[in-house]
Amino acid sequence: MSRLRPVRGTHDLFGETLRRHRLVAETGRRLAVRYAFEEIETPIFEFTEVFSRTLGETSDVVTKEMYTFEDRGGDSITLRPENTASIVRAVISGGLFQDLPVKFFYCGPMFRYERPQKGRLRQFHQIGIEIIGAPEPEADVETIALGRHLLEELGVADRVELQINSLGNVASRAAYREALVAYLRRHEDRLSPDSRLRLERNPLRILDSKDPGDRELLAEAPLFSDYLDRESRHFFARVCAGLDLLDIPYRVEPKLVRGLDYYTHTTFEFVTQELGAQGAVIAGGRYDGLVKQMGGPDIAGIGWAGGVERLAMLLPAAPAAVRPTAVIPVGDEAEREAWLLAMELRRQGFVVDIAYHGRPSQRMKRADRRNCRFALSLGEIELARRVVRLRDLDTGEERVVSRDALAAMLRELGAAEA
RNA sequence: GCGAGCGUAGCUCAGCUGGCUAGAGCACCAGGUUGUGGUCCUGGGGGUCACGGGUUCGAAUCCCGUCGCUCGCCCCA
């Protein structure tokens, strides 16, 4: 088992796990279409600057979690740690901002060099949406509504709480940051070592600290809400009013900050208690300065990303596997006809499995083990009469069906189609 | 990067304080049953006991190191 193993933090996906992933991704895709989003696939790697300049030079993702390498041409390339930066890049480089807003859905693998644990991998999968070029709070509401709708559709909404906050516009955010730093400096000796480092790099993140001493200190800290200017306050109120209108439950969490530098105004997370430390299953926010910062026009943006693995683990049950219909020839002379029957049924849309060898009893046993729902057997007698024996492997009930009536009968009994 | 737990068959595990050719259940293959599965019976394939070193007459078992997995911290979806 030395080298023949997947790289740490990566997994082969198949069977029940893959079916769970597929359900999450396909439900997301289906709903996104319903909200008039269009799908986009960007490359899984980009020039390193696409991420390093946008996520924040001091953010953890950039400083220690990127899969970065030099290609043969000497360019620094990075496997995407998230998709927002790539999509903004695509919007700019493709000139897609001619017809705003653009609404994109995406789904695919992301890469972060981290220690794997429950709900965290080095190659993981996200689905997400972005609305670019919509400065109105209605865009925030629709974005969140789609997230909530997805959780409902997946049957997990009652185990997930929506937390939202506003970081305000750039001016508000700067003013608050200043006030928070001033307060914390006065009590620096009481801060945890981790938070003392954050004070220099990303002081807002201290609000998130789990250290008991820090939390005590934060109870007295200035509140973000007191530093929002009129515009920011008004914007947030309209977002909340929209959520109320659509009957989407939420809790305002003033300490919700989030790690990436580009967020402004609304930030939100759908959080569960059931996945240990990795409770955020869908998270996102508004990023009004990002497009401009990356060299595009000064247009707004908002979106979220959902962790496919995390959502998949939350699903109440794994989707069932398809149950094929088995075709079983009896005797050598039936072999050819069995293959023709299998192909004919497949052309009509049925899921059909046919074994390559074995006596009827062995093939029947195999059909059973392969989770087949029906078995169609045909031998000399059936050939002569142009019929097959249709056996329900769940009930053991067997009937003789004419070849002409077979497809209709299978359909009526609910045989799997694809 | 830091901390903790765990590595015996494809899977779940037993193997107690060291003692014959390393076991069970499930799974897989074949036969009993060359026109019918699920139950049953018989047989079979499969293991460098994670790897390396040490202690010992003798190590899956004890000690050290390495690697891997899992969970937590940091951070994030």
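Naming convention: chains lettered A, B, ... in sequence-line order (proteins, then strands); numbering from 1 in each chain.
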Does the distance from a Lys or Arg side-chain N to an Asp or Glu carboxylate O, for Glu344(A) and Arg403(A), drop under 4.0 Å? yes
Do Phe105(A) and Phe37(A) have ring centres separated by under 6.0 Å? no
Set of residues satisfying ring pair (Phe, Tyr, Trp, His ring centres under 6.0 Å) with respect to Tyr287(A), sequence neighbours excluded: Tyr262(A)
Distance check needed: G72(B) C1' versus Gln273(A) CD, whole Å only. 16 Å
Rounded C1' spacing from U34(B) to A30(B) in Å: 15 Å
Can you confirm whether Phe51(A) sits close enough to Arg80(A) that some side-chain heavy atom of one is under 4.5 Å from a side-chain heavy atom of the other? yes
Distance check, P atoms only: C26(B) and A60(B), in whole angstrom units. 28 Å
Would you say Glu70(A) and Ile77(A) make side-chain contact, with heavy atoms under 4.5 Å? no
Quick one: on RNA chain B, does Glu269(A) or Lys118(A) contact a more 5' nucleotide (nearest heavy atom)? Lys118(A)
Taking NZ, NE, NH1 and NH2 as the nitrogens, is one of them in Glu253(A) or Arg251(A) under 4.0 Å from a carboxylate oxygen of the other? yes
Test item: Asp140(A) side-chain N/O and Val239(A) main-chain N/O as donor-acceptor pair under 3.5 Å: no
So, using ring pair (Phe, Tyr, Trp, His ring centres under 6.0 Å) as the criterion, who are the partners of Phe97(A) when residues are at least two apart? none
Would you call Glu335(A) and Arg363(A) a salt bridge, using N to O less than 4.0 angstrom? yes
C1' spacing across the pair G7(B) / U66(B), given as an integer number of angstrom: 13 Å
Can you pull every protein N or O that's under 3.5 Å from an N or O on nucleotides 1-4 of chain B?
{"unit_1": "C2(B)", "atom_1": "N4", "unit_2": "Arg115(A)", "atom_2": "NH1", "d": "3.3"}

Is the closest basic N to carboxylate O distance between Arg196(A) and Asp214(A) below 4.0 Å? no
Expressed in whole Å, how much space separates the P atoms belonging to C69(B) and C28(B)? 29 Å
Rounded distance in Å between the P positions of C6(B) and C13(B): 14 Å
Please work out whether the ring planes of Tyr35(A) and His149(A) are parallel, tilted or perpendicular, with thresholds of 30° and 60°. perpendicular
Any Gln117(A) side-chain N or O less than 4.0 Å from OP1/OP2 of G72(B): yes
Taking the C1' atom of each, how far is G5(B) from G38(B), in whole Å? 41 Å
Taking all atoms of both residues into account, what is the closest heavy-atom pair of Ala375(A) and Met364(A), and its distance? CB-SD, 3.9 Å
Take atom C1' in A27(B) and the same atom in C73(B), then report the distance between them in whole Å. 39 Å
Base, sugar-phosphate, or nothing: which does Ala280(A) touch, judged by heavy atoms less than 4.0 Å apart? sugar-phosphate
Per-nucleotide pairing state of RNA chain B [Watson-Crick or G-U, under 3.5 Å; [ ] pseudoknot-crossing; | other strand]: (((((((..((((.....[...)))).(((((.......))))).....(((((..]....))))))))))))....
By a strict heavy-atom criterion of less than 4.0 Å, which residues belonging to residues 81-89 of chain A are in contact with RNA chain B? none
How is Leu121(A) classified with respect to the nucleic acid when contacts are heavy atoms under 4.0 Å: base, sugar-phosphate, or nothing? base
Can a side-chain donor-acceptor contact be found between Arg89(A) and Ser86(A) if the only test is distance below 3.5 angstrom? no
For each nucleotide in nucleotides 32-39 of chain B, reading 5' to 3', give B when a protein heavy atom comes within less than 4.0 Å of its base, S when such contact involves only the sugar-phosphate, and - otherwise. SSSBBBB-
So, is the end of the Arg122(A) side chain (NZ or CZ) under 6.0 Å from the ring centre of Phe111(A) and within 45° of the ring's axis? no
Can you find a heavy atom in the side chain of Val322(A) that is under 4.5 Å from one in the side chain of Asn371(A)? no
Which nucleotide sits closest to the side chain of Glu65(A): A77(B), U70(B), C75(B)? C75(B)
Taking OP1 and OP2 of U70(B), is either one under 4.0 Å from a side-chain nitrogen or oxygen of His11(A)? yes
What interatomic distance, in whole Å, is found between C1' of C63(B) and the corresponding atom of G46(B)? 32 Å
Between C69(B) atom C1' and Asp12(A) atom CG, what is the distance in whole Å? 15 Å
